[in-house]
There are 2 protein chains.
Amino acid sequence: MNRMDASTRDRLLDIASEVFHQKGLSGARMQEIADAAGINKAMLHYYFKSKEQLFDTVFQQALGQFLSGIAQALTSDAPLRQKVEQYVTYTTEALLHKPAVAAFIAHELQQHPERLATRFADQSLINLDNLRQQLLTTGQPRFQATNTAEHFFADMVALCVYPVLAQPLLRRLMQHTESQYQAFLRERQAHITQILLGQL
Amino acid sequence: MNRMDASTRDRLLDIASEVFHQKGLSGARMQEIADAAGINKAMLHYYFKSKEQLFDTVFQQALGQFLSGIAQALTSDAPLRQKVEQYVTYTTEALLHKPAVAAFIAHELQQHPERLATRFADQSLINLDNLRQQLLTTGQPRFQATNTAEHFFADMVALCVYPVLAQPLLRRLMQHTESQYQAFLRERQAHITQILLGQL
DNA sequence: GTCTATAAAGGGATAGAC
DNA sequence: GTCTATCCCTTTATAGAC
């Protein structure tokens with residue numbers, strides 16, 4: 001077999017992801033990726049035409065995974081609490097395995113927001129109306145404010161993602177070891193549901 | 001006067017900050033900074049020995065401002081609600097003027113957490129004991145849990161910072177214009193205090 | 001598919017005139 | 001203080017042998 005091997009390509013993608021997540025597009029080096037994979041640059045260019053193309057593949061994959069967690073939670077027709085728990089669990093576990101991915105996406109989107117265009121060209125998969133409806137029908141006064149769904153959504157994502165994204169900072173502020181901080185992040189899952197929904 | 005002009009240096013720092021905040025250390029180009037300042041690379045190297053040194057200055061300045069907001073809130077002896085309001089206002093306004101700085105700090109610390117060392121070498125300015133005490137004495141059951149101060153603190157920072165940091169993503173998800181999103185961020189100030197402290 | 005060698009461009013840094 | 005010209009290392013990308 002001499003045609004491009006898909007499993008090799010996937011292996012290279014995984015390795016490239018780690019490097020890109022850590023260093024970003026401009027900080028990553030093709031040489032470093034090749035070294036980590038035990039091949040040379042020429043080989044890497046054989047599988048991916050250019051650094052740009054390799055990066056795009058890595059980035060769209062990371063973004064896709066991140067957005068799919070959101071989309072699943074928002075399009076689900078589960079009750080509110082279950083929806084939240086589902087998102088919090090999914091996101092926390094995903095980020096615990098790839099802590100650098102959140103800062104990576106934020107940093108790269110900062111520079112090129114148009115990279116999102118691909119995702120939202122056809123349909124805006126993510127619709128807050130469903131969530132808004134659920135919030136309003138709780139009857140809770142705090143969920144009657146304007147933009148209640150927008151705030152609730154922003155809160156939920158922020159509470160899950162930021163503590164991972166800012167781990168280097170927060171961990172030092174709290175004087176936690178790495179494993180203490182991981183335990184802290186796990187502890188937050190219940191805490192986040194609590195703070196968002198209270199006794200509901 | 002032929003000796004290095006401090007006001008020129010400050011002007012260069014401001015311009016360099018914008019570029020570094022947007023593109024990071026590895027993405028920024030000395031040429032671009034020089035162009036934006038209307039000078040040439042040689043001049044830039046006259047004021048700052050190297051790109052590395054220019055970056056360090058920019059980074060430590062950004063980090064210092066970010067941490068000072070936290071330190072002020074935590075060391076203040078104001079009552080809890082006032083403390084929170086103070087932090088939220090300070091941080092929101094600061095980030096509205098420099099939206100890229102949050103992602104910049106996160107991205108650069110991800111790669112070089114040791115850049116924090118300078119800040120925490122002598123004293124750990126930031127101490128959660130004071131906050132913990134205030135939370136416990138509210139009598140509120142939800143503030144009796146373990147790590148209550150850590151969670152409260154992480155929540156507060158996350159709710160303020162993440163929506164700015166992830167603006168390119170969230171803005172598109174919510175289909176807001178830039179000014180709509182800014183209004184949303186201002187609206188969040190009251191919302192964040194409310195969600196953190198409730199009717200307390 | 002895999003390698004070595006090298007072309008080609010980019011970008012940080014400095015020499016030296018003014 | 002400010003500029004032009006240039007050095008030189010790094011890094012992407014490809015040519016071409018096996």
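Letters A, B, ... are given to chains in the order of the sequence lines, protein chains preceding strands, and every chain is numbered from 1. Below, all heavy atoms of this structure are taken into account, side chains as well, without hydrogens, waters or symmetry copies. Only a predicted model underlies this, so the values are computations on that prediction, with no experimental measurement involved.
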Checklist entry - Once you round it to whole Å, what is the distance between C1' of D:dT10 and NZ of A:K51? => result 11 Å
Next on the checklist: Between B:R115 and B:D56, does any side-chain N to carboxylate O distance fall below 4.0 Å?
Outcome noted: yes
Item to check | Test of ring centre spacing under 6.0 Å for B:F184 and B:Y181 | outcome: yes
Item to check | Side chains of B:Q60 and B:R119, donor plus acceptor under 3.5 Å | outcome: yes
Checklist entry - Does the ring centre of B:F55 sit less than 6.0 Å away from the ring centre of B:F20? => result yes
Checklist entry - Just how far, in rounded Å, is P of C:dG12 from CD of B:E52? => result 12 Å
Item to check | Audit row: B:Q134, B:K83, side chain to side chain donor-acceptor pair (under 3.5 Å) steps and yes/no | outcome: CA-CA 11 Å; B:Q134 284 183 304; B:K83 208 177 247 187; 2.6 Å; yes
Item to check | Residue pair A:V161 / B:Y162, side-chain heavy-atom distance below 4.5 Å | outcome: yes
Item to check | Selection: residues 17-32 of chain A, any non-hydrogen atom under 4.0 Å of DNA chain D | outcome: A:A28, A:R29, A:M30
Item to check | Pair B:R132-B:E150, salt bridge (charged side-chain N to carboxylate O under 4.0 Å, His left out): steps then yes or no | outcome: CA-CA 8 Å; B:R132 193 185 326 276; B:E150 282 80 1; 3.0 Å; yes
Next on the checklist: Just the rounded figure in Å: distance from C1' of D:dT12 to CD of A:Q53.
Outcome noted: 14 Å
With the criterion being N/O to N/O and under 3.5 Å, what pairs connect the protein with nucleotides 2-4 of chain C, and how long is each?
{"unit_1": "C:dC3", "atom_1": "OP2", "unit_2": "A:N40", "atom_2": "ND2", "d": "3.4"}
{"unit_1": "C:dC3", "atom_1": "O5'", "unit_2": "A:N40", "atom_2": "ND2", "d": "3.1"}

Checklist outcome for this item: Rounded to whole Å, the CG-C1' distance (A:D35 to D:dT11) equals 13 Å
Item to check | Euclidean distance, atom CD1 of residue B:I33 to atom C1' of C:dA13 [Å, nearest integer] | outcome: 14 Å
Checklist entry - Should the pair B:F143 and B:F152 be assigned to parallel (<30°), tilted (30 to 60°) or perpendicular (>60°) ring geometry? => result perpendicular
Next on the checklist: Counting only side-chain nitrogens and oxygens, does B:H45 get under 4.0 Å of the OP1 or OP2 atom of C:dT14?
Outcome noted: no
